[in-house]
Peer 1: 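Below you'll find the structure I mean.
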Amino acid sequence: MSDFFDLSEPETVSEKPQDFPFMRDLNPEQRQAVTTTEGPVLVLSGAGTGKTRVLTTRIAYLLATGQASPWQILAVTFTNKASREMKDRLEQMIGLSARSVNLGTFHAFGVRVLSRYAAEAGLKPDFIVLNTDDQERLLKKIMQENGIDIKQYSPAALLSIIERWKDRGLSPTAITKAEDSPFCDGRAKGFYQLYQDRLRTLNAVDFGDLLLLPLELFRTHPNVLSAYQNKFRYILVDEYQDTNVAQYLLLRLLAHKSQNICCVGDDDQSIYSWRGAEVENILKFQEVYPAATIIRLERNYRSTDHILGAASGLISNNAGRLGKTLKVADTRDGFGDRVHIEGYWNGSEEAKGVIEKVLREQRQGHTLSQMAILVRTSAQTRPFEEQLIKEGIPYKIIGGFKFYKREEIRDAVAYLRLVLNTGDDLAFLRIVNKPRRGIGDGAISALEQAAKEHHLSLFDAIPWAELRPSVRKTLDTFTGLITMMRDKTNTLDPEPLARQLLEDSGYLNMWRTDKSVEAEGRLENIKELYNVLGEFETINAFIEYAALVTDADEKTDGDQLVVMTLHASKGLEFDCVFLAGWEEGLFPHQKTLDESGSQGLEEERRLAYVGLTRAKEKAFISYATNRKIYGQWENALSSRFIDELPDEHVQNDTQINLGGSPFWNKNTFSRYDKSDWVTQESKPFYQPAYTAPKSKRIGKRVYHESFGYGTVIKETPNGLEVHFDDLGLKKVQSRFLAEV
DNA sequence: GGGTTGCCCGTTTTT
DNA sequence: CGGGCAACCC
C-alpha cells in the first residue's frame, strides 16, 4: 500500500520528518506529539483536539522512520471500540502491517500475557474469564459458607471492595491495616483470600486479575518482565486519566527500560474514579518521569464556539485542574446555535419533546446516526425507547438491557464454555439442570463431594459420584452430548455447532414450550447469537470476545439514533447531541454527592463536560420537573450545571410555565439547599393530556428472516406484533424486521 | 425436585 | 413498579 515501509535505512526519513505524508494536516502541537518519540511524553489533549489522530500518526511515524517494527509497539486503550477504531485508522494509513502492532485494551493485553505465561502465573492456559455474574455468585457462596447474612452484607458490596483492592494492585497478602475494610466486621480481607483461592481452583480469573496477575508475574519473574521490556520499545496509552494504580504500575514496569512511553489524556474527562481510576496518575506524570515532555493540545476541531464556550464555562467550576483552555479551530465567532435548554413537566413529555427536535433536525438534513440522546442512568432510556417505538424511528440503545447479560445468552455461552472446557464448573452448574433434567441440590452436593475427593471438576467427577440410577442416567446422556460436541469442535464451525448443541440438549425446546411473553424474544436473541458466532472461526475466540465485550462496543447498523449513557459516549462525536435529565438528584446524581461529596460533584461536572463536548453543531439540554421513580412521582429542580453555563452561550426554549417566575433567562428559581425543598405530594401537580402520535408502523408490510413476510398489527414496548402470512401472529423485536 | 408466593430492594456510571 | 430470591408447599 504505502512504500515507506520498504525504506531500510531509517535515517533517510527521520532526518526530514516534515516529509512524512501524514504530517501535513497536523498543527504544530500535534506534530510535536508525533515526532517526540524518545523519552516519556504526556499529551494533555482536550476534547476534540485530535488525540486519536495523534496516536495513530505517531505509530505510523515510528514505523515509517524505521524506529520500530510493528510488533515492538504496544498501544493500549480502554474499550474495544477505541482499539478497533485505532486499528481501522491505522490500517487505512499504513496497510496490513497495522495488524502486527500490539494494539488492544488493557484487559486483552492481560489475557495475552497470562495465556503466554500461564504456568508462571499459576494458571492453566485455558483459564476462563469470569463475568460479574459469576463473581457475585462465588462471593455469595463464600459468604454464606462463612455464616454471613447476605441481606445484611451484599455480595455486590464485597465484590466492589475486592475490585478496588485489585485496582490498586493489592493481592490479599498485600493488604495492610490501613488498606483494610471494616466490611463484615473486618472479614473482607479473608474473603478476598478465599475468593482468590476459589478462582485458582476453578482455573478462572476475573477482570481485576487481568491486570493484577500480570503485575505479580512481572514482579516475581524478572526474566518475563525483561522479555516484555525488550519487546516493547514504544508504548502508547490512550485515555490515561482513566488508568488505575494497577495499570499505572504495569506501565511503569514495562516502560522502565526504554522510557519511551507516550500517554494521552485529559484530566477534565476523568469520569471513572468509582471504578478505581486515579486522576493522580496524570497529575503526577512529571514527578514519576522527570524527563517528561508535556504537550498541550488545545485547538478544538469539533465543536462550535457556543458549545465550547458553554463547556469551558461549566468545567471552570472545578478546582484542581491542569488547566487547558480550548480554542475553536473554526474562528467564525459566534457561529452556530447557542446551547438550547428546555424544561418539561415530566419524563415522558421530555422524551416526546426531545424526539420532536430530533425529527426537526432530521428534516434539516442531519441523519439519525449523526445524532445521539445522552442520559445519566440507563433507566432513563425507557421513556425514550417507548417514544421511538411509537414514532417508528430506528434506534439503538447502548447499555440498556445488555445482550451478553441476558439469561438465554449466558446460558448458551455456558453450554459452549462447557464443551470447550469440561473443567468449567461455573458453566456446568449454570446449565446442568437447564432445561430441567431432575438434577437438584442432592445430586449437586454428591458431585461436589466426589469432585473434592478425586480432585476433579464437577463434570469429570460424575462417574465417581454416588447417584440415584435415574440421575445417573440423565447425567450420562448429558455428558455424552457434551463429549460428542467437544469431539466436533475441530470439524464443525462455531455457529452450526451451537445450533446442534442447543437443539440436542433440549435447551431451545425449553423456551419453545415456555408460554411466557419473553420466551419468543429469547429465542430471537439466540438467533442473534448465532449471527455473532458466525463471525468467529473458533469457539475459543468467541468465548474470549464474549467475556470482554461490553455494550459500548455494539455497532449500530444503518441509520439509527443512539440512546446511551454519558459514560458510554466518551470518545464519540455527533452533529447534534441531546442531553436529557439535567435535574438535581439525577444529574448530579444524589448517590454520588452522598458518597463522594465535592469530589463526586466535580466528577459529575466532568461528565456534563464530556456530554457537551460530544456535540459538533448543536447541543440540546433538557430536564423534567416530575419523574416517576420506583413507581412513585418525584419532583426535582433543574440541575445546577444548567446555572453554571455562561449566559452568552445558552438559550432557553422552555415553552411552559414550570411553576417558577414566568420570566427567566435561565432557571432562576433553582435552589440547592435540600432543607429548602418544598415537599410536594407524590404526584405531578400538572399532567398534560396524553396524545399518542399515530403510529407509523401499524399496517406496514415487513420481512423477517425466519418467519417470512407479514403485516404489523400492534406495537408494544417489547416489540411488535406481526401477522405473518405463513405462520400467523407472532411477537418479534423490531430489529429483526425489515420494511418491504 | 419443582413450583408458587410474597417480600425486598433497586437506578449511578463499566473494563 | 418489577425482578430476584428465600421460604414454603406439593
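FYI, side chains are in, hydrogens and waters are out, and symmetry mates aren't considered; it's all heavy atoms of this structure. Labels below follow one simple rule: chain letters A, B, ... track the order of the sequence lines, proteins then strands, and each chain is numbered from 1.
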Peer 1: Just to confirm, is there a sub-4.0 Å distance from OP1 or OP2 of B/dT13 to any side-chain nitrogen or oxygen of A/His567?
Peer 2: no
Peer 1: Here's a test of your reading of the structure: between A/Gly438 and A/Ile271, which maps to the more 5' nucleotide of DNA chain B?
Peer 2: A/Gly438
Peer 1: Strictly below 4.0 Å, heavy-atom distances to any atom of DNA chain B: list the hits from residues 235-249 of chain A, or just say none.
Peer 2: none
Peer 1: Which atom pair, heavy atoms only, marks the closest approach of A/Ala443 to A/Leu467?
Peer 2: O-CD2, 4.1 Å
Peer 1: Nearest whole angstrom, please: distance from the C1' of B/dT12 to the NZ of A/Lys591.
Peer 2: 7 Å
Peer 1: Measure from CG on A/Asp167 to C1' on B/dT14 and round the result to the nearest Å.
Peer 2: 11 Å
Peer 1: Would you say whether A/Trp274 stacks on B/dT13? The test is a distance between ring centres of less than 5.5 Å and an angle between planes of less than 30°.
Peer 2: yes
Peer 1: Let me know the distance between CG of A/Asp441 and P of B/dG2, rounded to the nearest Å.
Peer 2: 10 Å
Peer 1: Ring pair (Phe, Tyr, Trp, His ring centres under 6.0 Å) for A/Phe78 and A/Phe106? Distances and angles first, verdict last.
Peer 2: CA-CA 6 Å; A/Phe78 271 80; A/Phe106 267 105; 5.4 Å; yes
Peer 1: Nearest-Å distance, CG (A/Leu211) to P (B/dT14)?
Peer 2: 18 Å
Peer 1: I need the CZ-C1' distance between A/Arg605 and B/dT13, as an integer number of Å.
Peer 2: 18 Å
Peer 1: If you look at every strand shown and take non-hydrogen atoms under 4.0 Å, does A/Lys570 touch a base, only sugar-phosphate, or nothing?
Peer 2: nothing
Peer 1: With sequence neighbours excluded, tell me which residues meet side chain to side chain contact (heavy atoms under 4.5 Å, CB included) with A/Arg200.
Peer 2: A/Leu123, A/Gln196, A/Val205, A/Asp209, A/Leu213
Peer 1: List for me each residue that meets side chain to side chain contact (heavy atoms under 4.5 Å, CB included) alongside A/Glu280, sequence neighbours excluded, and say none if there are none.
Peer 2: A/Glu278, A/Leu283
Peer 1: Got a second to check how far A/Arg164's CZ is from A/Ile162's CD1, nearest 0.5 Å?
Peer 2: 11.0 Å
Peer 1: Can you tell me, in whole Å, how much space there is between the P of C/dG4 and that of B/dT13?
Peer 2: 16 Å
Peer 1: Give A/Thr377 one of three labels, base, sugar-phosphate or nothing, depending on what nucleic acid heavy atoms sit under 4.0 Å from its own.
Peer 2: sugar-phosphate
Peer 1: Taking 5' to 3' order, which nucleotide of DNA chain C is first and which is last to have an atom within less than 4.0 Å of a heavy atom in chain A?
Peer 2: C/dC1 to C/dA6
Peer 1: List the residues meeting side chain to side chain contact (heavy atoms under 4.5 Å, CB included) with A/Ser115, not counting sequence neighbours, and say none if there are none.
Peer 2: A/Val111, A/Phe127
Peer 1: Of the listed nucleotides (B/dT14, B/dT11, B/dT12), which one gets closest to any side-chain atom of A/Thr592?
Peer 2: B/dT12
Peer 1: A/Arg437 or A/Glu604: which one's nearest nucleotide on DNA chain B is closer to the 5' end?
Peer 2: A/Arg437
Peer 1: Give the ring-plane orientation class for A/Phe587 versus A/Trp582, where under 30° counts as parallel, over 60° as perpendicular and anything between as tilted.
Peer 2: perpendicular
Peer 1: For A/Arg472, what residues pass the salt bridge (Lys or Arg N to Asp or Glu O under 4.0 Å) criterion, not counting sequence neighbours?
Peer 2: none
Peer 1: Please name all residues satisfying ring-ring contact (aromatic ring centres under 6.0 Å, His included) with A/Phe218, sequence neighbours left out, ordered by chain then number.
Peer 2: A/Tyr228
Peer 1: What's A/Gly208 touching, base or sugar-phosphate or nothing? Going by heavy atoms closer than 4.0 Å.
Peer 2: nothing
Peer 1: Taking the side chain of A/Asn433 as heavy atoms from C-beta outward, which of B/dG2, B/dT14, B/dT11 is closest to it?
Peer 2: B/dG2
Peer 1: What's the CD-C1' distance between A/Glu136 and B/dT14, to the nearest Å?
Peer 2: 13 Å
Peer 1: Could you name each residue pair satisfying salt bridge (Lys or Arg N to Asp or Glu O under 4.0 Å) that touches residues 105-117 of chain A, not counting sequence neighbours?
Peer 2: none
Peer 1: Counting side-chain heavy atoms from CB outward, which of B/dT14, B/dT11, B/dG2 is closest to A/Arg275?
Peer 2: B/dT14
Peer 1: Distance check needed: B/dG10 P versus A/Tyr630 OH, whole Å only.
Peer 2: 7 Å
Peer 1: So which protein N/O to nucleotides 3-5 of chain B N/O distances come out below 3.5 Å?
Peer 2:
residue, atom, partner, partner atom, Å
B/dG3, OP2, A/Arg436, NH1, 2.4

Peer 1: Provide, to the nearest angstrom, the distance between the CD atom belonging to A/Glu595 and the P atom belonging to B/dG10.
Peer 2: 11 Å
Peer 1: If you check every side-chain atom of A/Thr565, which of B/dT14, B/dT11, B/dG1 has the closest atom?
Peer 2: B/dT14
Peer 1: Can I get a per-line list of side-chain donor-acceptor pairs under 3.5 Å for residues 138-146 of chain A, giving both atom names and the distance, sequence neighbours left out?
Peer 2:
residue, atom, partner, partner atom, Å
A/Lys141, NZ, A/Glu448, OE2, 3.1
A/Asn146, ND2, A/Ile142, O, 2.8

Peer 1: Give A/Phe78 one of three labels, base, sugar-phosphate or nothing, depending on what nucleic acid heavy atoms sit under 4.0 Å from its own.
Peer 2: sugar-phosphate
Peer 1: Applying side chain to side chain contact (heavy atoms under 4.5 Å, CB included), can you list everything that pairs with A/Asn244, at least two apart in sequence or on another chain?
Peer 2: A/Asp167, A/Leu211, A/Ala246, A/Gln247
Peer 1: Applying ring-ring contact (aromatic ring centres under 6.0 Å, His included), name anything that partners A/Tyr272, two or more places apart in sequence or on another chain.
Peer 2: A/Trp274, A/His567
